[in-house]
Amino acid sequence: FACVYDLPVMIHSNITAPWVSDYPKFLHEIETTLREYPKARVILAHCWASRRLNTPYYTKLIERLLSEYPCLYVDYSWVVFDEIITATNTSFEEWVELTEKFPDRVMIWSDVLGKWFADIWYINSRYNKFLDALTEKTRDKVCMKNAIKLFSKSKNRVEKWLKRKIYSLKDIKKDEI
């Protein structure tokens, strides 16, 4: 469905399980999906990172995935920014380079829900130093243009006449169950 209507798909999970922190336990699953649906525009929420993840190779892993799968996108939200991207000066520089290498495939998001959404401007101000390190062209894409391009492409693609019919119990006959 998402491929037919060119709808982006967000994968909001982690690369590994909390009890497995030293290798990407679920890497084969995402790569299988990306190979089977090469035209699906897939976004890995918070770069597929999670807490308690040992990440010395993480920049290289994300770089490989972005290189191999042209319809893959990532966002820098939640723990990927705070615990991986800005963990050291070296990691900060590596992620700036990665972003400049794939400026059309990276977005800045918040991963903020509920009562914290009122503080979105304060929460997202933590990205300022990182954004200042990018070129102006890349910064515009990462902050705004990539999301507009990604999400407006499919706007109104799902025809209104395809709306799902919701049945009531009285509409269902016993022999159809």
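Everything numeric here is computed off the predicted structure, so don't read it as measured data.
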Shared hydrophobic cluster, [X] / [Y] (ILVMFWY, side-chain heavy atoms < 4.5 Å):
X: Met144; Y: Val106; value: no
X: Phe151; Y: Ile148; value: no
X: Ile62; Y: Leu34; value: yes
X: Val96; Y: Leu66; value: yes

For this session: Take atom CG of Asp132 as the centre, draw a 6.0 Å sphere, and report whether it contains more than 12 heavy atoms from other residues, nucleotides or ligands.
Result: yes
Problem set entry | Under the side chain to side chain donor-acceptor pair (under 3.5 Å) test, residues paired with Arg64 that sit two or more places apart | Glu31, Glu68
Problem set entry | Under the side chain to side chain donor-acceptor pair (under 3.5 Å) test, residues paired with Glu93 that sit two or more places apart | none
Exercise. What are the two closest non-hydrogen atoms of Arg105 and Cys71, and how far apart are they?
Worked result: NH2-N, 4.3 Å
Exercise. Which one of Leu27, Val74, Val42 satisfies the side-chain contact (heavy atoms from CB on, under 4.5 Å) criterion with Leu65?
Worked result: Leu27
Identify, with sequence neighbours excluded, every residue that meets side-chain contact (heavy atoms from CB on, under 4.5 Å) alongside [X].
X: Ala87; result: Ser91
X: Lys137; result: Thr135, Lys141
X: Glu136; result: Arg139, Asp140
X: Thr86; result: Phe81, Phe92

Exercise. Should Asn146 and Tyr73 be marked as a side-chain contact (heavy atoms from CB on, under 4.5 Å) after you check the CA-CA gap, both sets of side-chain angles, and the distance that decides it?
Worked result: CA-CA 9 Å; Asn146 290 344; Tyr73 299 80; 5.8 Å; no
For this session: Determine yes or no for a side-chain-to-main-chain donor-acceptor pair under 3.5 angstrom, with Asp75 supplying the side chain and Met107 the backbone.
Result: no
Distance (rounded to the nearest 0.5 Å) between [X] [atom1] and [Y] [atom2]:
X: Tyr37; Y: Thr32; atom1: OH; atom2: OG1; result: 11.0 Å
X: Asn124; Y: Leu131; atom1: CG; atom2: CG; result: 9.0 Å
X: His12; Y: Leu44; atom1: NE2; atom2: CG; result: 11.0 Å
X: Ile85; Y: Thr99; atom1: CD1; atom2: OG1; result: 6.5 Å
X: Ile108; Y: Leu134; atom1: CD1; atom2: CG; result: 7.5 Å

Exercise. Of Trp109, Tyr127, Phe130, which is the lone residue that meets ring pair (Phe, Tyr, Trp, His ring centres under 6.0 Å) with Tyr76?
Worked result: Phe130
Find out whether [X] and [Y] are in side-chain contact, i.e. whether some heavy atom of one side chain is under 4.5 Å from a heavy atom of the other.
X: Leu150; Y: Ile43; result: yes
X: Cys47; Y: Tyr58; result: yes
X: Glu94; Y: Leu98; result: no
X: Glu63; Y: Phe102; result: yes

